[in-house]
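Worksheet for the structure shown next.
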Amino acid sequence: MTIIDARGLSCRFALRPGAMAVAAAVALFLATIAGGLAGYRMNLTPSEPLGLWRIRLLERPAAIGDLVFVCPPPTPAIRAARERGYLRFGLCPGGYAPLIKTIVATDGQCVHIDRSVTIDGVELPHSALSPKDGQGRPMMPAFADRKVGRGEVFLHSVFAGSFDSRYFGPVPASGILGLAEEVLTYAP
C-alpha cells in the first residue's frame with residue numbers, strides 16, 4: 001500500500017495478515033451496523049444472543065417456533081418504545097431496526113395477558129410481565145387480550161427484559177424479513 005503525505009512524498013508499507021484480518025472484521029461490523037451487508041445484521045440487544053446474524057429467506061408461511069427478523073409496525077406503542085430507548089433506529093418503515101423474536105401464536109389463537117401470557121389456555125413459559133423497565137420506569141401497558149388476527153403473528157423472547165408482543169401486541173406477518181440465523185454470536 002502506498003500513502004502520499006501533504007508534501008507529496010510517498011511511503012510504502014505492507015499490512016500484516018493479522019492487521020488485515022482485524023481491518024476486515026471492523027469493516028464487516030461497520031457495514032452490518034450501517035444497514036446490513038447482503039442479509040446480515042448485527043444484534044446489539046440482549047433479547048437474543050449478541051453478534052452477527054443472517055436473514056434467511058422464508059419460503060413458506062411463518063409458523064409457530066420460527067425465530068424471525070421482523071419490522072415492527074409504526075404504531076403508537078412502537079413509537080413510545082422508540083422514545084423510551086427500547087428500540088434502535090434502522091431501515092424498517094418508521095425508522096426502526098428489525099427485531100429478532102420467536103413466533104408463539106398465529107391467526108385465530110386466543111392470547112390472554114395477566115401476570116404472564118397464556119395462548120389458547122396454555123401458559124407460555126418465561127412470559128411473566130415486567131412491572132418496570134431497566135431504568136425503573138413503569139412498564140408500558142400490555143396489549144389487550146384478543147385473538148391474533150388474520151395475517152398477524154404474536155412474538156416473544158424468553159429474555160425477561162424483552163420488549164415483545166406482551167407489550168405491543170401482534171404484528172403483521174407481512175413485516176417478517178426472514179428467518180433469523182446465528183452466524184457469530186455470544187450470549188452475555
Subject >> Pair E123-T118, side-chain donor/acceptor within less than 3.5 Å >> reply: no
**OP:** Give a yes or no on whether the backbone of E182 and the side-chain of T185 come within a donor-acceptor separation of less than 3.5 Å.
**Re:** no
Subject >> Side-chain (R146) to main-chain (C110) donor-acceptor, under 3.5 angstrom >> reply: no
Subject >> Pair N43-T45, side-chain hydrogen bond (donor to acceptor under 3.5 Å, both in side chains): steps then yes or no >> reply: CA-CA 6 Å; N43 179 40; T45 63; 3.0 Å; yes
Subject >> Transitive ILVMFWY side-chain link V104 to L58, under 4.5 Å >> reply: yes
**OP:** Specify the closest pair of heavy atoms between L155 and V171, including all atoms of both residues, with the distance to one decimal.
**Re:** CD1-CG2, 3.6 Å
Subject >> Close side-chain approach of V68 and L177, heavy atoms under 4.5 Å >> reply: no
**OP:** Dump the intermediate steps for side-chain hydrogen bond (donor to acceptor under 3.5 Å, both in side chains) on D120 and Q109, then the final yes or no.
**Re:** CA-CA 6 Å; D120 293 336; Q109 291 188 280; 3.1 Å; yes
**OP:** State, to 0.1 Å, how close R84 and P138 come at their nearest heavy-atom pair, and which atoms those are.
**Re:** NH1-O, 2.9 Å
**OP:** Report yes if some heavy atom in the side chain of V183 is under 4.5 Å from a heavy atom in the side chain of Y40; otherwise report no.
**Re:** yes
**OP:** Search all heavy atoms of H156 against all heavy atoms of P125 and return the closest pair with its distance.
**Re:** NE2-O, 3.6 Å
**OP:** Would you give the length of the straight line joining atom CG of L184 to atom CE of M42, rounded to the nearest 0.5 angstrom?
**Re:** 8.0 Å
Original post:
Is the backbone N or O of Q135 less than 3.5 Å from a side-chain atom of D133, with the two atoms forming a donor-acceptor pair by type?
Top reply: yes
Original post:
Heavy atoms, side chains only, cut-off 4.5 Å: are D66 and R60 in contact?
Top reply: yes
Subject >> Expected output: side-chain R88 to main-chain L44 donor-acceptor under 3.5 Å >> reply: yes
**OP:** Give a yes or no on whether Y86 and F159 share a hydrophobic cluster (residues Ile, Leu, Val, Met, Phe, Trp, Tyr; joining criterion: side-chain heavy atoms under 4.5 Å apart).
**Re:** no
Original post:
How about I103 and I176: do any of their side-chain heavy atoms sit closer than 4.5 Å?
Top reply: yes
Original post:
Does the pair K147/E152 count as a salt bridge with the N-to-O cut at 4.0 Å?
Top reply: no
Original post:
Does R41 make a cation-pi contact with F69 (under 6.0 Å, within 45 degrees of the axis)?
Top reply: no
Original post:
Which is it for V148 and D107 under the side chain to side chain contact (heavy atoms under 4.5 Å, CB included) test, yes or no, and what are the steps along the way?
Top reply: CA-CA 5 Å; V148 177; D107 181 14; 5.6 Å; no
Subject >> Side-chain heavy-atom pair H112, D114 within 4.5 angstrom cut-off >> reply: yes
Original post:
Does E181 reach the side chain of R54, with side-chain heavy atoms less than 4.5 Å apart?
Top reply: yes
Original post:
Between atom CZ of F168 and atom CE of M140, what is the distance when rounded to the nearest 0.5 Å?
Top reply: 10.0 Å
Original post:
Hey, does the side chain of D145 reach the backbone of I113 with a donor-acceptor pair shorter than 3.5 angstrom?
Top reply: yes
Original post:
Which heavy-atom pair separates I100 from A180 by the least distance, and what is that distance?
Top reply: CG2-CB, 3.8 Å
Original post:
Less than 6.0 Å separating the ring centroids of F89 and Y96?
Top reply: no
Original post:
Looking only at heavy atoms, which two atoms of Y167 and A128 are closest? And how far apart?
Top reply: OH-O, 4.4 Å
Original post:
So which heavy atom on F163 is nearest to which on A81, and how close?
Top reply: CE2-CB, 3.2 Å
Original post:
Should T106 and F154 count as side-chain neighbours, where that means a heavy-atom distance under 4.5 Å?
Top reply: no
Original post:
Taking atom CZ of R150 as the centre, does the number of heavy atoms from other residues, nucleotides or ligands within less than 6.0 Å exceed 12?
Top reply: no
Subject >> Check: L99 and L87 side chains under 4.5 Å, non-hydrogen atoms >> reply: yes
Original post:
In a check of side chain to side chain donor-acceptor pair (under 3.5 Å) between K101 and each of S165, S162, S157, which one passes?
Top reply: S162
